Amino acid sequence: MLVMIVEMALTAVSYGLHIYFTILLFCLGVLMFIFYRLLRFPRPTPYTVKCFLRRGAPARNSPIIIAHRGGGLEAPENTLAAFKLAKENGALGVEFDLDFTKDGVPVIIHDSTVDRTTDGHGQVYDFTYEEIRRLNASAKHPLGEKFPDERIPHLEEVVDLCVNLGLQMYIDVKAATQPGRVRRADPNILTALTWRKMVIANKDYYGPSRFKEWWKQLLAPLLDRVWELHLHSWVYDFLGVFCISFSHGSFLKRLLKKNGKTRERV
């Protein structure tokens with residue numbers, strides 16, 4: 001189909017049939033628009049989003065307290081103990097990170113490796129669920145002695161706990177899972193996209209380049225720019241996400257400066 005369209009376009013140009021070429025481009029544009037609308041995920045209504053974000057807030061203008069990774073300073077991050085403590089400390093919701101084991105089981109852990117938070121070593125996807133459950137999730141925490149039996153929890157455990165405690169859940173999905181896959185599983189789940197500066201080019205926000213070849217170092221920033229433009233123009237709309245999450249303060253500072261605001265006024 002694509003080859004035939006290209007051949008028709010080349011033939012039209014070679015014979016000076018610009019009107020046919022214009023009609024062809026118009027028809028292709030119409031088809032792309034139709035497919036876009038048919039495949040696009042529906043976006044949640046503003047009322048739905050507001051109800052979720054403000055649910056449980058004591059007052060209309062009161063701040064919404066979300067415990068990042070369950071409040072990882074006072075308890076081992078992304079553990080059941082952390083989520084329980086977050087509720088005791090007055091949090092309305094918890095943010096936690098979802099990844100998958102070698103046998104496809106959803107588990108709650110932030111890093112792609114288990115080294116930083118447990119007594120194990122290796123990539124999360126190299127462990128089966130049975131193997132990763134043997135690791136001590138409080139081994140590296142300063143208060144680990146207060147939480148001696150914490151394990152890397154299963155997603156279902158965390159969901160059940162949060163529902164019973166009345167906690168909102170903000171799930172940061174790692175691995176290769178995309179918002180479209182989540183929306184396809186349940187359209188009622190609110191999803192967001194995260195914008196990260198130089199995510200293709202650099203290993204970290206201001207870290208070294210991911211690549212050693214000179215041509216890849218030149219190409220990667222261009223791809224980052226292309227992705228950023230597409231993310232803001234149509235990707236968020238196509239996936240039906242309700243917001244874009246900016247994961248670094250530098251963007252917020254530039255945004256406030258552009259709008260003539262200062263940090264003191266925020």
Side-chain angles (χ1 to χ4, degrees), residues 1-3 5-7 9-10 13 25 28-29 32-33 35-36 39-41 68-69 77-78 95-104 106-118 120-128 132 140 170-184 191-258:
M1 180 65 179
L2 180 61
V3 174
I5 292 174
V6 173
E7 289 179 350
L10 293 175
V13 172
L25 291 179
L28 287 176
M32 290 179 62
F33 178 77
F35 279 116
Y36 178 90
L39 299 176
R40 172 179 171 268
F41 290 93
H68 184 237
R69 303 180 199 171
E77 66 179 55
N78 284 322
E95 182 272 348
F96 55 87
D97 306 278
L98 173 65
D99 210 334
F100 295 87
T101 60
K102 181 166 62 176
D103 46 349
V107 291
I108 309 306
I109 186 171
H110 177 270
D111 297 0
S112 59
T113 70
V114 300
D115 300 45
R116 182 178 62 86
T117 56
T118 76
H121 174 73
Q123 299 285 335
V124 173
Y125 58 72
D126 286 333
F127 289 84
T128 64
I132 208 169
K140 305 290 180 64
Y170 295 80
I171 308 176
D172 187 349
V173 183
K174 306 294 184 180
T177 303
Q178 301 173 351
R181 179 178 171 184
V182 177
R183 293 298 308 280
R184 192 175 295 111
T191 57
L193 285 174
T194 299
W195 178 85
R196 288 186 171 91
K197 181 180 177 63
M198 305 297 283
V199 66
I200 300 176
N202 298 343
K203 292 182 179 180
D204 204 343
Y205 300 117
Y206 299 105
S209 174
R210 294 179 185 271
F211 310 104
K212 296 181 179 180
E213 299 86 347
W214 65 269
W215 63 273
K216 290 184 179 179
Q217 293 181 12
L218 292 176
L219 180 61
L222 296 177
L223 294 177
D224 272 312
R225 183 56 179 165
V226 171
W227 166 242
E228 181 179 341
L229 291 173
H230 285 294
L231 176 65
H232 298 164
S233 59
W234 67 272
V235 172
Y236 80 97
D237 179 71
F238 181 77
L239 294 175
V241 301
F242 78 96
C243 74
I244 297 178
S245 173
F246 298 99
S247 61
H248 201 269
S250 61
F251 182 88
L252 180 59
K253 292 177 183 177
R254 294 200 302 271
L255 182 63
L256 295 178
K257 183 178 180 180
K258 180 179 179 181

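Keep in mind it's a predicted model, so treat the numbers as computed, not measured.
Taking 4.5 Å as the limit, every side-chain heavy atom of Thr117 sits out of range of all side-chain heavy atoms of Lys140. At least one side-chain heavy atom of Pro106 sits less than 4.5 Å from a side-chain heavy atom of Leu98. Between Leu39 and Phe238, the closest side-chain pair of non-hydrogen atoms falls below 4.5 Å. For the pair Tyr36 and Trp234, the minimum side-chain heavy-atom distance is below 4.5 Å. Residues Leu223 and Trp227 fail the side-chain proximity criterion, which asks for heavy atoms closer than 4.5 Å.
Separating the CD atom in Glu228 from the CE atom in Met198 is a distance of 10.0 Å, to the nearest 0.5 Å. With rounding to the nearest 0.5 Å, the separation of OG1 in Thr113 from CZ in Phe127 is 9.0 Å. Taking CZ of Arg69 as the start and CD1 of Ile109 as the end, the distance is 10.5 Å to the nearest 0.5 Å. Interatomic distance, Asn202 CG to Asp224 CG, rounded to the nearest 0.5 Å: 7.5 Å. In this structure, CD1 in Ile132 is found 7.5 Å from OG1 in Thr118, a value given to the nearest 0.5 Å. To the nearest 0.5 Å, atom NE2 of residue His110 and atom CZ of residue Arg116 are 6.5 Å apart.
Residues Gly240 and Thr191 approach most closely at O-OG1, 4.2 Å, considering heavy atoms. Shortest non-hydrogen contact noted between Gln217 and Ser209 is CG-OG, 3.6 Å. Closest non-hydrogen pair, Ala201 versus Pro221, comes out as CB-N, 4.0 Å. Closest of all the heavy-atom pairs between Asp99 and Ser112 is OD2-CA, 4.4 Å.
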query = Run the side chain to side chain contact (heavy atoms under 4.5 Å, CB included) check on Glu95 and Asp172 step by step: do they pass?
reply = CA-CA 7 Å; Glu95 182 272 348; Asp172 187 349; 3.5 Å; yes
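Checked by atom type, the side-chain pair His121/Asp115 shows a donor-acceptor distance below 3.5 Å.
A salt bridge is defined here as a Lys NZ or Arg NE, NH1 or NH2 lying under 4.0 Å from an Asp or Glu carboxylate O, and Asp237 with Arg40 meets this definition.
Applying the ring-ring contact (aromatic ring centres under 6.0 Å, His included) rule to Phe211 yields no partners; only residues at least two apart in sequence or on another chain are considered.
Between Phe100 and Tyr125, the distance separating the two ring centers is not shorter than 6.0 angstrom.
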